[in-house]
Participant: 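Let me give you the structure first, and then I'll get to my questions.
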2 protein chains.
Amino acid sequence: MNLKQLAELLQLSQTTVSRALNGYPEVAEPTRDRVLEAAQRHGYKPNSNARKLATGRAGSIGYVLPVGRNVDLDPHFVEFLSGLGEHALMREVDLSLTPAPRERESEAYRRIAASRSVDGVYLSSMRNDEQRIGLVRSLGIPFLAHGRALKPAEGYAFLDIDNEGAFHDATRLLLQLGHRRLAFINGDTDFTFAVHRLNGVIRAMTAHGLPFESLRHHSAAMNEENGYRLAMELFRDADPLARPTGVLSASMFSTLGIVRAFNQLGLRMPQDVSIITHDDVFPFLKPESFSVQLSTTRSSIRAAGARICERLVNIISGAESGPVAEIWPVELIVRASTGPAPADRKAGRRGTQEAAE
Amino acid sequence: MNLKQLAELLQLSQTTVSRALNGYPEVAEPTRDRVLEAAQRHGYKPNSNARKLATGRAGSIGYVLPVGRNVDLDPHFVEFLSGLGEHALMREVDLSLTPAPRERESEAYRRIAASRSVDGVYLSSMRNDEQRIGLVRSLGIPFLAHGRALKPAEGYAFLDIDNEGAFHDATRLLLQLGHRRLAFINGDTDFTFAVHRLNGVIRAMTAHGLPFESLRHHSAAMNEENGYRLAMELFRDADPLARPTGVLSASMFSTLGIVRAFNQLGLRMPQDVSIITHDDVFPFLKPESFSVQLSTTRSSIRAAGARICERLVNIISGAESGPVAEIWPVELIVRASTGPAPADRKAGRRGTQEAAE
DNA sequence: CCGGTTTCCCAAAGCGCTTTGAACGAACTG
DNA sequence: CAGTTCGTTCAAAGCGCTTTGGGAAACCGG
C-alpha cells in the first residue's frame, strides 16, 4: 500500500492525502479524518526512503561506533545509548550506527555527510587532540558533543558533566579528613574528561598547600584489570607510612579491581585507606553493592544520553541554535568507604601532632 | 555533487556513470577508469536515500532496542553489538536501532517492515512465549535469531550456543568432584537460554541418579545485586552440612555478587564451595581477574555478533537460504574455583562412606 | 560486402514521497 | 454585484538514483 493507491482509494490527490497525514493546515477536517481513518485501516505507512529522499531529512541520528581489536565498546556506552534510545523513541527517530575503526573515522563521517543518511551526529569520548569537531562542522553535519575539547573557546554545542568540580570536591573531602598521601587511578588521559578530573584533584591539593607532585597519579583504561594492577603496584610492597591513605578512582570498574587488591592485601576500608569513586549509575553495578559501601561522585550517564538526544533533535529542527554549553553538576555522596586518615602511629612528629587533636 | 553533475562533467549519461560506479560489465574499461577517477577526485558519494529508494534495498540491518524503566540494556548486548559492528563495517552495512518498549515491540517491527528502512533484522533474547518469529515472518522481513525458541520445530534460521550442553558438562564436573548439594543461580527463565541451561543441569543430575528436586534453583536477572542476594539467601543461615557445596552461575555479573557474599560469610573457594560460571568473554571482566580464578563455561558473545551479521547479510542477499540452525559448542575451562566436595566431617554415615574412598 | 552479433552507451521511465503553483468555488467586502 | 480573499483541492515537478529497452558503432564469419 503506497500513497498513490491510498489516494486512488479515497478519490483524492496524493497531495491532499500527504498533507492530511502530515498535519498541514490547508486540508478540511472531515477530509483529514477520512484520510487518517483509511490509512489506519489499510495499515499505510509512508516509505521512509522515499520520504527521506523527498524531504532531504533522514529521521535518524548517527553515531560512529568505534570498533577494532583494541577498542572495547564499554558499558558506559551502553548506558548512554540506553538513555539516548529512550528519548529517541519519544521523538520517533532512529539511531544509525556506522562502525569504523579509529583510523577510518573521518572517512566514516564523510560518508555519512555525503550520503545524507542521518540528520545529525553526536560525538562522544572527546580527546585532547580532537579533530572531529572541525571535521563535522566543515561537512555541515549538525552535531552535539558529549564532553568537550580542551579549549572551550571553539564555540560548539556540548553537554558535559562537571568532572573538574566533582574531583575537586572529592579530593577536598579527603584532605579535610586528614589524608595527605593521595592516589588517583584515573582514566586514559588521552580523553579530556580524565584531564579535567586531574585538574580538579590538583586544584584541591593546591588550595590545601599540597604539592601536586605528591599525588600518585595513574592513567589507564577504566576496567577491573587495571584497577587491580595499579592498586597492587601502589600498595603491595609499600611502607605503611608512605603509601597512600586516600584513593580516587575514575570508575566503578576500576574500583572493582582496587577493592580486590585491598582484600588480598588485607587493607580495610576506611580504616587503612579511604576511596572515592566516580559512579556513572550503572543499574547492574551499584556503590551500595560493595562489601564496604562506596562513597562516590555521581552522575547518570543514562540521563545524559536522553538529554543529548533531546538537544540533538532540537538542534536539527532548528529549535536550538548557537553553541550552547551545558555542564551538569555532580553530586558527592558519602558512604562507608571514606573516613579519617589513619594515624601514623610510629611517626614521631606526626604522632604528637595527632595526639593533640 | 550528484550523479547528474558528475555525468555532465564527464560528458556521459547518468546511466553509464552509474553503471561504471557499480561495477556493471557493460561499460568499457577506459570509460570506467575515467569515471572512477573523477568520482574520487570530486568526492562523489551516491545519496544513500536515493539509492535505497531506487533499489528497494536499505543497506542496513535493524534491531528493535528494548527500552523502558525496567529494561536494562545490559553489557551482554554491548559485546554482541560490538562484534556485529565489526563485521557490519566490512560489509559496509549500517545498524539501525529502533527503540521500543516491550509492549510496543510488534508495532516497531510493523513500522520497520512498512517503511522498508532495513533489509533484515536480528532477534535476540528469545523468550519462551516468543511471538516475534511469527511476526517478522508474516511481515516478510528477512531475519536471523540469536538463540532459539523452545520448540525448535518451527524451522527458522538461528545461531545459538549449546547452553544445555555447557551446563550439563559443568554440572557433571561438579558431580564427578563429589558434590551432591548443588545450587544454580540462573538467569531469568522467561528466556529460553535459561531454560536450556536448567535442562542441562537436570540432565546431568538425572544421569547421576540425583533427584532434580535437590537442586536449589533460582531464576533472576543476571547482575551483581541478585547474585549477592541469592547467595546470601542460600548460605547465610544454612547448616554447613545442608548448604550447597557446588554452585552454577549464569553470568560473571551474578558471580561478582556471589563472590562478595562468600567473602562476607567467610566461605572459601574451592575449599568450602566450588563455583562454575558462564563466561561471555567480556574484555572488561575476566574470570582470571577474580581473587580465586573462576572455572567457566566459555563462549564469546562478541564472536556470535560478528557471525550473526555475516549470516544475516547472506540471508538478505540470498546467499543463505533455508532454516539453517547453527549451534556453537561451549568450552568448559577449569581454573581455581572448583575442587573436590568438602568432607562432611561431623556426619556419621557419610563420614564412614567418605573414609572408604 | 552484408546480415548478424557484440560492445558500449544513452534517453527515459520509474522508485514513493513532498511541495510548488495554480484552480476553483464559497464567502466576504465595499 | 463586481472584486477580492479565503479555504480547499489538484496536477505536476522534483528529490537522486537504478534499470529497462533500445540504438549506433564496431566486429564477425561466410
Side-chain angles (χ1 to χ4, degrees), chain A residues 1-36 38-39 42-60 92 94 111-119 140 317, chain B residues 1-36 38-39 42-60 92 94 111-119 140 317:
Chain A
M1 169 66 65
N2 60 22
L3 186 64
K4 193 172 171 182
Q5 292 166 355
L6 187 63
E8 240 156 50
L9 203 101
L10 285 164
Q11 298 279 59
L12 285 169
S13 72
Q14 294 188 38
T15 312
T16 306
V17 176
S18 171
R19 291 201 152 136
L21 257 23
N22 291 315
Y24 281 72
E26 57 268 78
V27 43
E29 272 317 311
T31 317
R32 186 192 303 281
D33 292 345
R34 255 181 73 215
V35 172
L36 253 31
H42 295 85
Y44 169 78
K45 293 278 187 340
N47 176 308
S48 72
N49 296 135
R51 162 177 284 180
K52 287 174 188 175
L53 179 57
T55 57
R57 265 174 274 121
S60 69
E92 296 226 316
D94 283 351
R111 214 180 82 194
I112 285 178
S115 73
R116 244 150 262 285
S117 51
V118 303
D119 295 323
S317 71
Chain B
M1 168 68 66
N2 60 21
L3 186 64
K4 193 171 173 184
Q5 293 166 356
L6 187 64
E8 240 156 50
L9 203 101
L10 285 162
Q11 298 278 57
L12 285 169
S13 73
Q14 294 187 38
T15 311
T16 305
V17 176
S18 172
R19 290 201 153 136
L21 256 24
N22 291 315
Y24 281 72
E26 56 269 78
V27 43
E29 271 318 311
T31 318
R32 185 192 304 279
D33 292 345
R34 255 181 72 215
V35 172
L36 253 32
H42 295 86
Y44 168 77
K45 294 277 190 335
N47 176 308
S48 72
N49 296 134
R51 161 177 286 181
K52 287 175 189 174
L53 178 59
T55 58
R57 266 173 273 120
S60 69
E92 296 227 317
D94 283 351
R111 214 180 82 194
I112 285 177
S115 73
R116 242 151 263 284
S117 51
V118 303
D119 296 322
S317 72

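Chain A is the first sequence line, chain B the second, and so forth, proteins listed ahead of strands; every chain is numbered from 1. Remember, it's a predicted structure, so these values are computed and weren't measured experimentally.
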Participant: Of K4(A) and R19(A), whose nearest nucleotide on DNA chain C comes first from the 5' end?
Facilitator: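 Comparing both residues, the 5'-ward one is K4(A).
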Participant: Rounded to whole angstrom units, what separation is found between the CG atom of N47(A) and the P atom of dG16(C)?
Facilitator: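 The answer, rounded to whole Å, is 7 Å.
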Participant: Report yes or no: does D119(A) contribute a side-chain atom to a donor-acceptor pair with the main-chain N or O of A58(A) at less than 3.5 Å?
Facilitator: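 Checking the backbone N and O of A58(A) against the side chain of D119(A), a donor-acceptor pair under 3.5 Å is found.
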Participant: Could you state the CG-C1' distance from L21(A) to dG16(C), rounded to the nearest angstrom?
Facilitator: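 The distance from CG of L21(A) to C1' of dG16(C) comes to 13 Å, rounded to the nearest Å.
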Participant: Taking only heavy atoms on the protein side, list every residue of residues 24-35 of chain A lying under 4.0 Å from any atom of DNA chain D, sorted numerically.
Facilitator: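 Under 4.0 Å from DNA chain D: E26(A), V27(A), A28(A), T31(A).
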Participant: Measure CG/L3(A) against P/dA11(D) and give the value in whole Å, please.
Facilitator: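 It works out to 13 Å between those atoms.
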Participant: With respect to the phosphate group of dC17(D), does any side-chain polar atom (N or O) of Y44(B) fall under 4.0 Å of OP1 or OP2?
Facilitator: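 Yes, Y44(B) has a side-chain N/O under 4.0 Å of OP1/OP2 on dC17(D).
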Participant: To the nearest 0.5 Å, tell me how far N2(A) CG sits from Q5(A) CD.
Facilitator: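 One finds 4.0 Å between CG of N2(A) and CD of Q5(A).
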Participant: Given the structure, check if the side chain of T15(B) and the base of dT19(D) hold any donor-acceptor pair shorter than 3.5 Å.
Facilitator: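 For T15(B), whose side chain was compared with the base of dT19(D), there is a donor-acceptor pair (under 3.5 Å).
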Participant: Has S18(A) got a side-chain atom pairing as donor or acceptor with Q14(A)'s backbone, closer than 3.5 angstrom?
Facilitator: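 The answer is no, because no donor-acceptor pair under 3.5 Å joins these two groups.
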Participant: Starting from C1' on dC10(D), measure out to CG on L10(A) and report it in whole angstrom.
Facilitator: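 Whole-Å distance recorded here is 15 Å.
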Participant: Less than 3.5 Å between a donor and an acceptor, one on the side chain of S18(B) and one on the base of dT19(D), is that the case here?
Facilitator: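 Counting by modelled atom types and ignoring angles, no donor-acceptor contact under 3.5 Å is found here.
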Participant: Side-chain polar contacts of residues 25-33 of chain B - donor-acceptor pairs under 3.5 angstrom, sequence neighbours left out - could you list them?
Facilitator:
unit_1	atom_1	unit_2	atom_2	d
E29(B)	OE2	R32(B)	NE	3.4
R32(B)	NH1	A20(B)	O	2.9
R32(B)	NH2	Y24(B)	O	2.5

Participant: Q14(A) CD to dA13(D) P: how many Å, rounded?
Facilitator: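 In whole Å, dA13(D) P lies 14 Å from Q14(A) CD.
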Participant: When rounded to the nearest 0.5 angstrom, what distance separates OG in S48(B) from CG in L53(B)?
Facilitator: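 Reported value, rounded in 0.5 Å steps: 11.0 Å.
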Participant: What's the CD-P distance between Q11(A) and dT9(D), to the nearest Å?
Facilitator: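 After rounding, the gap between these two atoms is 14 Å.
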Participant: Return no unless some side-chain N or O of N22(A) is found under 4.0 Å from OP1 or OP2 of dT18(C).
Facilitator: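 For N22(A), the contact criterion (side-chain N or O under 4.0 Å from OP1 or OP2 of dT18(C)) is met.
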Participant: Kindly indicate, with the supporting measurements, whether the criterion side-chain contact (heavy atoms from CB on, under 4.5 Å) is fulfilled by L3(B) and V17(B).
Facilitator: CA-CA 8 Å; L3(B) 186 64; V17(B) 176; 3.5 Å; yes
Participant: Once you round it to whole Å, what is the distance between P of dC17(D) and CZ of R116(B)?
Facilitator: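 From R116(B) CZ to dC17(D) P: 22 Å.
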Participant: Would you please confirm or rule out a distance under 4.0 Å between OP1 or OP2 of dC10(C) and any side-chain N or O of T16(B)?
Facilitator: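 Yes.
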Participant: Specify the residue among R57(A) and A54(B) whose closest nucleotide of DNA chain C lies further upstream toward the 5′ end.
Facilitator: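 Whichever sits nearer the 5' end wins; that is A54(B).
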Participant: Provide, to the nearest angstrom, the distance between the CG atom belonging to L53(B) and the P atom belonging to dG14(C).
Facilitator: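 The distance from CG of L53(B) to P of dG14(C) comes to 14 Å, rounded to the nearest Å.
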Participant: To the nearest 0.5 Å, how far apart are NE2 in H42(A) and CG in L10(A)?
Facilitator: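 It is 8.0 Å, given to the nearest 0.5 Å.
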